[in-house]
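First up is the structure itself, then whatever we jot down about it.
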Amino acid sequence: MSENIYLKLIEDIINDSIEREDRTGVGTFSKFGVQLRFDLNKGFPLLTTKRLFWRGIVEELLWIISGKTNSNILKEKGIHIWDKNSSRENLDDLGFFNREEGDLGPIYGFQWRHFGAKYIDMNSDYNGKGIDQLKNVIELIKNEPNSRRIILTSWNPCDLNEMVLPPCHMMCQFFVIQGKLSCQLYQRSGDIGLGVPFNIASYSLLIHLIAKVCELEVGEFIYVIGDAHIYKNHIELLKQQIERKPRPFPDLLIKTENKDIDCFKFEDFEILNYDPYPPLKMDMAI
């Protein structure tokens, strides 16, 4: 069962890793260079050893796809993933004194849809500005599926100093073979307890969406993490998690015939047969 590879990674880091200090001051145990693989034909990899916030996963991905950088859009929907990063306190700590609360800077969505455009603020109209990488990826998959250049990157060195947080999941490459779409993600930094389960589900959903738009089946999600770390304050909860026996992954049902990447909404998706253990609440380090 695929979830076991995630649990094995937790166990490996707890038992055989290096203790390192980090920018948050919490402290971590880290390994460098790991890979996880998920066959998306064998269920949707929404972890079962703890309940994940499915609505938050979907809404954040759709928000990124929209190109928005305003965390208040998510906050108004009861999704608080980016609240700490975009708080007045954190913006001031980073020197963004003139930036409105909620403005995350040119993070993921801006880079996916407007790469190279000059970032002004979260309220500006960037329509037609910069390079729409996501649109280009979809066109390549449709028209040149054998291309080795089907790449989507969030890492733009010119914009890093304007972001509240440089991209963690920074580059992915798509691959089409035998009518199936796969994706390999490189993530420079992976919070194994809190962020990684969310990222597994988010990029698996992205593969499903792009496959739907391009009239393909889904293949694999291959997940490469550079600095794979566990925060010290997550250790005890993760020890509880690895004692839980994984249950079968659920199935993803996409209930719309829509094939426009910009027109999906949360109600278009349903997770079937999801039977997780109770959630394990872990604090986010910033």
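- Taking the six-membered ring for Trp and the full ring otherwise, the centers of Tyr203 and Tyr223 sit at least 6.0 Å from each other.
- No side-chain heavy atom of Glu217 sits less than 4.5 Å from a side-chain heavy atom of Lys212.
- A salt bridge links Arg247 with Asp275: the closest approach of a Lys/Arg side-chain nitrogen to an acidic carboxylate oxygen falls below 4.0 angstrom.
- Taking a cutoff of 4.0 Å between a charged side-chain nitrogen and a carboxylate oxygen, Glu236 and Lys239 qualify as a salt bridge.
- The shortest non-hydrogen separation linking Pro167 to Leu160 is CD-CD2, 3.9 Å.
- Salt bridge annotation for Glu220-Arg37: present, with a cationic side-chain nitrogen under 4.0 angstrom from a carboxylate oxygen.
- Here Phe44 and Trp54 bring their ring centres to under 6.0 angstrom of each other.
- Checking Asn72 against Asn70 by side-chain atom types alone, a donor-acceptor pair falls below 3.5 Å.
- Geometric assessment of Arg113 against the ring of Tyr108 yields a negative cation-pi assignment under the 6.0 Å and 45° thresholds.
- Between Tyr119 and Phe110, the ring planes lie perpendicular to each other; the angle is over 60°, past the 30° to 60° tilted range.
- Using a 4.5 Å cut-off on side-chain heavy atoms (C-beta onward), Gln187 and Asn199 make contact.
- Contact annotation: the side chain of Phe115 approaches that of Asn156 to within less than 4.5 Å [non-hydrogen atoms, C-beta and beyond].
- To the nearest 0.5 Å, atoms CG (Asp103) and OG (Ser86) are separated by 9.0 Å.
- If you take CG on Leu46 and OG on Ser202, they are separated by 11.5 Å, rounding to the nearest 0.5 Å.
- No side-chain heavy atom of Cys172 sits under 4.5 Å from any side-chain heavy atom of Tyr186.
- Residue pairs meeting the salt bridge (Lys or Arg N to Asp or Glu O under 4.0 Å) criterion with at least one member in residues 58-76, sequence neighbours excluded, are Glu59-Lys77.
- Ion pairing of Lys31 with Asp227 is absent here, as no side-chain N (NZ or NE/NH1/NH2) approaches a carboxylate O to less than 4.0 Å.
- Classification of the Tyr231-His234 ring pair by plane angle, with boundaries at 30° and 60°, yields perpendicular.
- Within the structure, the side-chain hydrogen bond (donor to acceptor under 3.5 Å, both in side chains) test picks out the following pairs touching residues 138-152 (sequence neighbours left out): Glu139-Asn143.
- Here the CE atom belonging to Met163 is positioned 11.0 Å from the CG atom belonging to Leu104, to the nearest 0.5 angstrom.
- No donor-acceptor contact under 3.5 angstrom links the side chains of Ser154 and Gln111, judged on distance only.
- Only one option out of Leu205, Leu185, Leu36 pairs with Phe221 in a side chain to side chain contact (heavy atoms under 4.5 Å, CB included); it is Leu185.
- Between the side chain of Ser66 and the backbone N or O of Asp262 there is no donor-acceptor pair closer than 3.5 Å.
- Thr49 and Glu3 are linked by a side-chain donor-acceptor pair at a separation below 3.5 angstrom, with hydrogens and angles left out of the test.
- Among the candidates Val218, Val213, Ile141, the single residue satisfying the side chain to side chain contact (heavy atoms under 4.5 Å, CB included) test with Leu181 is Ile141.
- Distance check: Ile192 CD1 to Thr28 OG1 gives 10.5 Å after rounding to the nearest 0.5 Å.
- Using a 4.5 Å cut-off on side-chain heavy atoms (C-beta onward), Met284 and Asn85 make contact.
- Counting only distance, with no hydrogens or angles, the side chain of His229 and the backbone of Phe29 share no donor-acceptor pair below 3.5 Å.
- Taking CD1 of Ile131 as the reference point, atom CG of Asn136 lies at 7.5 Å (rounded to 0.5 Å).
- Between the side chain of Tyr274 and the main chain of Leu47, a donor-acceptor pair closer than 3.5 Å is present.
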